[in-house]
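Following: one structure in structure tokens, then a few remarks.
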Amino acid sequence: MNTHERWNELLQLSLYDELMDKEKQELDGHLQSCTECRAELVRLKALHARLDDAPSPVVDDRFLSEARQQLGSALRSEQSKQSLLQRLGDFIKAGIVPQYKIALGGALVFALGMVVAYALFVPRAQNTTSPQTTQQISPVLTGETRVTNVRFLNTDMATGEIEFAFEAVKSVRMKGNINDEQVQKILTHALLTDQNAGVRLQSISAMASRKSADKEIKNALVSALKTDENPGVRQEALKALQGFQMDQEIKQALLFVLTHEKNPGLRIAAINYLDSARVGSKAFDQDVLNVLRDKMQSDDNNYIRLRAKAAVEEVRQ
Amino acid sequence: MAPNDLQLIQSAQQGDVIAFEQLVHRYDKHVLAIAARFGNSSEDAKDIYQEVFLRVYRGLKNFQLKSEFTTWLYRITTNVCLTYQSQKKKDRQHTSLDDGGGHENASQETMTHVRALDPSPDQQTEATEISFHVQKALNVLSPQQKLVFTLRHYQGYKLKEIAGMMDCTEGTVKRYLFTGTQRMREQLKDVYGM
């Protein structure tokens, strides 16, 4: 790599905050004397700003739910394949006695041939599970069961026979304590998957009232803080996380917010939280300092630049 | 208390489908986000997502618990992303050889994907236009460059983490990022003059 290319690489890595201290010093020194590299840095920053303007594809709840449904069908088909193979394997293991090996092998080849022929030539419905009659299905449809995702498989207009698949969703009412494992499981599920932002907010409020620091709840809150599409939910997740002892995961989530969050209010809240958590240990970690220094210079919000500067300078004193 | 990853993995290894589902739901939004940025359409993203978790399901029985589940999961995700385009190309070639109309169908499908990215007259906002050009530029990169670039720039993973996911050195990841950004820049030069 020639010298010019090396400086270019260091310039790019500096924008991603991926330089080691020695490289950073080296680059800073070089930038003071090289106008060409300073101009290149300006151009690279412009490129990054353009790239940041391209919104990421939205992974909303509907999209996630569609992907999960498709995965569910694929997994069911995978399970039925695996169980057939397993049964076949068990049969072979149990049945093999040396003197019958050849006979069994022949029978097996014949059986496999039949299975392949059946799979290739016999027409079948898309759904591999056997259909249930209306009498069998009626107990499932009692009460407040909601029917969704109806798929038509076979329709015979002449006879009026019809075959279809659907999902039956039943409403369940539950009462329990926030420290209960089942309650926590449902709340974290609601926080990460419910389509309604109000439900996600209520889940966070309930989680914030728990008495013990639970890792699963913390993980769900971190995940909501980083990925929830609704800024209000992200804000509440950040507030709820303040009830936890600061650790590496929470710190990384806050740095993620500082680096990627579009909402300035949340970026400010992240700085405040990092700053307040620092009091006990006096100094920021190097990675926090790096991000704050970057924010001091490059954040598009004036207050955030000042707030980051104040936090960094407070540490120096 | 909710079960941790280890408990869920052990239950799933014993055939507990609900435990497997819980494990999937813990991380699948991240996987889908990576797939959505890496793929060219929502269908690509869903295909990648499905393939990742099918591989996890098939491989979970042999998962030794020597490494973190997330490391293994993201390594599978990056492998699926890296092989997805070439696999898709192969599938299309087979379709076109097997079926005379297959090629036409494949072209139509590609066009649908392109249209999904192409800003319609009603959607010609600046952000959509930038997204269109950025996605076009991303598609010029090699799968490795594209993956490293999207994971670092859009998903916010550190280069060290990406190296772990791709099972290669940090130096290699840095090269992919550097060369990938240079190529992106060349592609966007004509549009934005940078």
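Proteins come first, then strands; the chains are lettered A, B, ... in the order of their sequence lines, and each starts at number 1.
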Output the distance between atom CG (A:L192) and atom OH (B:Y27), rounded to the nearest 0.5 Å.
11.0 Å
More than 12 heavy atoms of other residues, nucleotides or ligands under 6.0 Å from CD of A:E36: is that the case?
no
Evaluate the side-chain proximity of A:L13 to B:F178: yes if any heavy-atom separation is below 4.5 Å, no if none is.
no
Can A:E78 and B:R58 be counted as an ion pair, charged N to O under 4.0 angstrom?
yes
Within a strict 4.5 Å, meaning less than it, do heavy atoms of the B:E21 and A:R68 side chains meet?
no
Just checking A:M174: does its CE atom have more than 12 heavy atoms from other residues, nucleotides or ligands closer to it than 6.0 angstrom?
yes
If you take all heavy atoms of B:L54 and A:L71, which pair is closest and at what distance?
N-CD1, 4.4 Å
A:Q12 portion near chain B, given a 4.5 angstrom heavy-atom threshold
side chain
When the 4.5 angstrom heavy-atom criterion is applied to A:D61 and chain B, the contacting part is side chain
For residues B:Y49 and A:A67, report the shortest heavy-atom separation together with the two atoms involved.
CE2-O, 3.4 Å
Does this structure show an ion pair linking B:R175 with A:E5, if we count only N-O contacts that are shorter than 4.0 Å?
yes
Just how far is it from atom CG of A:L47 to atom CE of B:M184, taken to the nearest 0.5 Å?
7.0 Å
Mind checking the NZ-CD spacing from B:K46 to A:Q70? Nearest 0.5 Å is all I need.
4.5 Å
Has B:L6 got more than 12 heavy atoms of other residues, nucleotides or ligands less than 6.0 Å from its CG?
yes
Heavy-atom pair with the smallest gap, counting every atom of A:F63 and B:A36:
CE2-CB, 4.4 Å
I need the residue from A:L51, A:T227, A:L44 with the largest number of non-hydrogen atom pairs under 4.5 Å to chain B.
A:L51
Using non-hydrogen atoms and a 4.5 Å limit, figure out which bit of A:N8 sits close to chain B: side chain, backbone, both or neither.
both
Which portion of B:D47 sits near chain A, non-hydrogen atoms under 4.5 angstrom:
neither
B:K174/A:E18 ion pair, N-O < 4.0 Å:
no
Counting neighbours of CD on B:E68 that are heavy atoms of other residues, nucleotides or ligands and sit closer than 6.0 Å, is the number greater than 12?
no
Can you classify the ring geometry of A:Y16 versus B:H153 as parallel (below 30°), tilted (30 to 60°) or perpendicular (above 60°)?
perpendicular
Please evaluate residues B:R26 and A:S223 with respect to the criterion side chain to side chain contact (heavy atoms under 4.5 Å, CB included), reporting the C-alpha separation (whole Å), side-chain torsions for both, the decisive distance (0.1 Å), and the verdict.
CA-CA 9 Å; B:R26 252 175 217 186; A:S223 183; over 6 Å; no
Can you check whether A:L75 reaches B:V24 side chain to side chain, under 4.5 Å on heavy atoms?
no
How close do B:K158 and A:D17 get, heavy atom to heavy atom, and via which atoms?
NZ-O, 3.5 Å
Considering only NZ, NE, NH1 and NH2 on the basic side and carboxylate oxygens on the acidic side, decide whether A:E229 and B:K29 come within less than 4.0 Å.
no
The single option from B:D28, B:L32, B:V31 that satisfies side-chain contact (heavy atoms from CB on, under 4.5 Å) with A:V59 is B:L32
Counting heavy-atom pairs under 4.5 Å with chain B, the top scorer among A:V183, A:L15, A:L64, A:D52 is A:L64
Taking the side chain as C-beta and beyond, is there a heavy-atom pair between A:R50 and B:L188 under 4.5 Å?
no
